[in-house]
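Both ligands and their constituent atoms are indexed starting at 1 by order of listing. Numbers for residues simply follow the sequence, beginning at 1.
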Amino acid sequence: MNATRMISFVIPVLNEQDSLEPLYEAVTRSVESLASAYEMIFIDDGSTDRSIAVLQELYARDREHVRVIQFRRNFGKTAALAAGFAHARGEVVVTLDADLQDDPAELPKLLAKLEEGYDLVGAWRVDRQDPISKRWPSRLANATVSALTGIRLHDLNCGFKVYRREVVQDLKLYGELHRYIPVLAHWKGYRIAEVPVTHHPRRFGRSKYGLQRLVRSYIDFLSVLFLTTYLKRPMHLFGTLGSLFALVGAVIMIYLAALWVIEGGIGWRPLLFFGITALVVGIQLISVGLLGEMLRHTTFRADEEYSIRQVWDDHQGG
Ligand code: UDP
Ligand code: MG
């Protein structure tokens, strides 16, 4: 690791009063030999315990390295990360959960991988210390996502990740999309890798995510799939599906019309209902696709159509 680089730690905090002090110590211990400059940005995401008081103490003790951002209320982990990213000054950004489950002592491994030429390196909790109710759904989700997106990662949603600065600046995070950061980054062409790390059980406080997380992450996955595939060409999805339905519907109706002319009276055949439904659904889908294209057209921004790694141009100003 190039020692002149600055590292920014981005740490979202919701009711983690007892973990913050040991976390601060552990991060300080691990980073001192790794970078000449670093900052720890703590984002207090509407904590109702003593977290903000502890953070203020840390700030008073170490103003050079500690920064604290306090939200007015709980906006969620995605918002906390986005705020941290917006404030980060380092060339390398490290995200870390505040609950001590990830071990900052593993940082050198992740940084070494980044140095190999990756843009984002995630921690892979090989022996994850969380309840089964969390591990199995997560395993299923990781397998599904990697099958559908082509990203070969075992652990997408670990809070411990290191990024090159340009990645976090290039991410549009809202809702609860932090779970799919690697998918969004991969889609933009960033190089992604992961490194196995040790994982610890939660020592203080409790997990902020219960079962509703399952439903939400499924819905978010649908959004992410759409965002990374058809957002930029809605007609390819809706137009194709819609035309298929409409075609099937039209063929059926023509067939029934012919039957009606030849034999007279087609009655209430199930096929009639199917034909009508297919036609209507097809036309609806095409209309939705057209609306999508109109939105796409009016919100078009040339600089969001691609993501540039580097430019060689002798005539560029500077
Ligand atoms: N967190 C947050 N805002 C929230 C929920 C969680 O900032 O609305 C933080 C939390 O303090 C922790 C990290 O996000 O630092 C991960 O949360 P948690 O450990 O509860 O999730 P789990 O590891 O159980 O999935
Ligand atoms: Mg945790």
Side-chain angles (χ1 to χ4, degrees), residues 8-27 40-55 58 66-88 93-104 106-107 122-142 145 154-162 168 173-182 197-218 220-221:
S8 296
F9 293 86
V10 170
I11 307 171
V13 176
L14 175 60
N15 298 336
E16 311 278 7
Q17 56 179 25
D18 301 312
S19 307
L20 293 171
E21 168 104 37
L23 178 74
Y24 166 82
E25 306 285 350
V27 170
M40 283 180 234
I41 306 174
F42 293 93
I43 304 91
D44 174 41
D45 185 15
S47 296
T48 50
D49 65 353
R50 288 192 63 254
S51 290
I52 195 68
V54 179
L55 290 175
L58 292 174
V66 174
R67 326 218 187 284
V68 180
I69 299 170
Q70 183 185 23
F71 279 177
R72 286 185 202 284
R73 63 167 174 85
N74 177 248
F75 284 96
K77 188 176 174 183
T78 301
L81 289 174
F85 290 159
H87 280 77
V93 177
V94 179
T95 58
L96 202 58
D97 283 355
D99 55 9
L100 296 171
Q101 290 195 258
D102 306 312
D103 196 337
E106 302 274 23
L107 187 58
W124 168 21
R125 298 163 288 188
V126 186
D127 185 16
R128 188 169 171 183
Q129 304 292 319
D130 276 320
I132 280 213
S133 61
K134 190 165 256 179
R135 285 197 329 257
W136 282 100
S138 168
R139 202 171 272 197
L140 183 69
N142 284 317
V145 172
H154 297 88
D155 195 352
L156 285 156
N157 184 28
C158 179
F160 192 16
K161 290 188 170 64
V162 305
V168 303
L173 294 181
Y174 60 88
E176 294 187 6
L177 289 189
H178 69 268
R179 291 196 186 93
Y180 298 105
I181 287 177
V197 298
T198 53
H199 189 240
H200 304 288
R202 202 180 234 286
R203 259 160 68 195
F204 308 105
R206 32 199 299 251
S207 170
K208 313 301 178 298
Y209 295 104
L211 275 180
Q212 29 92 319
R213 182 183 54 112
L214 293 181
V215 181
R216 292 204 197 157
S217 31
Y218 163 70
D220 280 340
F221 181 56

- Could Asp97 and Lys77 be called an ion pair, given the rule that one side-chain N must be under 4.0 Å from one carboxylate O? yes

- Message: For the backbone of Leu14 and the side chain of Asp45, can you confirm whether one donor and one acceptor N or O come within less than 3.5 Å of each other?
- Response: no

- Taking the side chain as every heavy atom from C-beta outward, state whether Leu173 and Phe85 have any atom pair closer than 4.5 Å. yes

- the Mg ion (ligand 2): protein N, O or S atoms that are less than 2.8 Å away, sorted by chain: Asp99 OD2, Gln101 OE1

- Message: Check whether Arg179 reaches the backbone of Leu156 with its side chain - one donor and one acceptor, N or O, closer than 3.5 Å.
- Response: no

- Query: Cation-pi between Arg216 and Tyr218: NZ/CZ under 6.0 Å from ring centre and within 45° of the ring axis?
  - Reply: no

- Between CD of Gln17 and CG of Leu55, what distance do you get to the nearest 0.5 Å? 11.0 Å

- Query: Would you call Val94 and Lys161 a side-chain contact if the rule is heavy atoms closer than 4.5 Å?
  - Reply: no

- Where the side chain of Asp220 meets the backbone of Leu177, is there a donor-acceptor pair that is under 3.5 Å apart? no

- Query: Thinking salt bridges, do Glu106 and Arg125 make one under a 4.0 Å N-O criterion?
  - Reply: no

Tabulated below should be the N or O atoms of ligand 1 paired with protein N or O atoms at under 3.5 Å; can you produce that?
{"from": "ligand 1", "atom 1": "3 (N)", "to": "Asp45", "atom 2": "OD2", "distance (Å)": "2.6"}
{"from": "ligand 1", "atom 1": "8 (O)", "to": "Asp45", "atom 2": "OD2", "distance (Å)": "3.3"}
{"from": "ligand 1", "atom 1": "8 (O)", "to": "Asn74", "atom 2": "ND2", "distance (Å)": "3.1"}
{"from": "ligand 1", "atom 1": "11 (O)", "to": "Leu14", "atom 2": "N", "distance (Å)": "2.8"}
{"from": "ligand 1", "atom 1": "11 (O)", "to": "Glu16", "atom 2": "OE2", "distance (Å)": "2.7"}
{"from": "ligand 1", "atom 1": "15 (O)", "to": "Pro12", "atom 2": "O", "distance (Å)": "2.9"}
{"from": "ligand 1", "atom 1": "15 (O)", "to": "Ala98", "atom 2": "N", "distance (Å)": "2.8"}
{"from": "ligand 1", "atom 1": "19 (O)", "to": "Asp99", "atom 2": "OD2", "distance (Å)": "2.6"}
{"from": "ligand 1", "atom 1": "19 (O)", "to": "Arg202", "atom 2": "NH2", "distance (Å)": "2.8"}
{"from": "ligand 1", "atom 1": "20 (O)", "to": "Arg202", "atom 2": "NH2", "distance (Å)": "3.2"}
{"from": "ligand 1", "atom 1": "20 (O)", "to": "Lys208", "atom 2": "N", "distance (Å)": "2.6"}
{"from": "ligand 1", "atom 1": "24 (O)", "to": "Lys134", "atom 2": "NZ", "distance (Å)": "2.5"}
{"from": "ligand 1", "atom 1": "24 (O)", "to": "Ser207", "atom 2": "OG", "distance (Å)": "2.6"}
{"from": "ligand 1", "atom 1": "25 (O)", "to": "Lys134", "atom 2": "NZ", "distance (Å)": "3.3"}

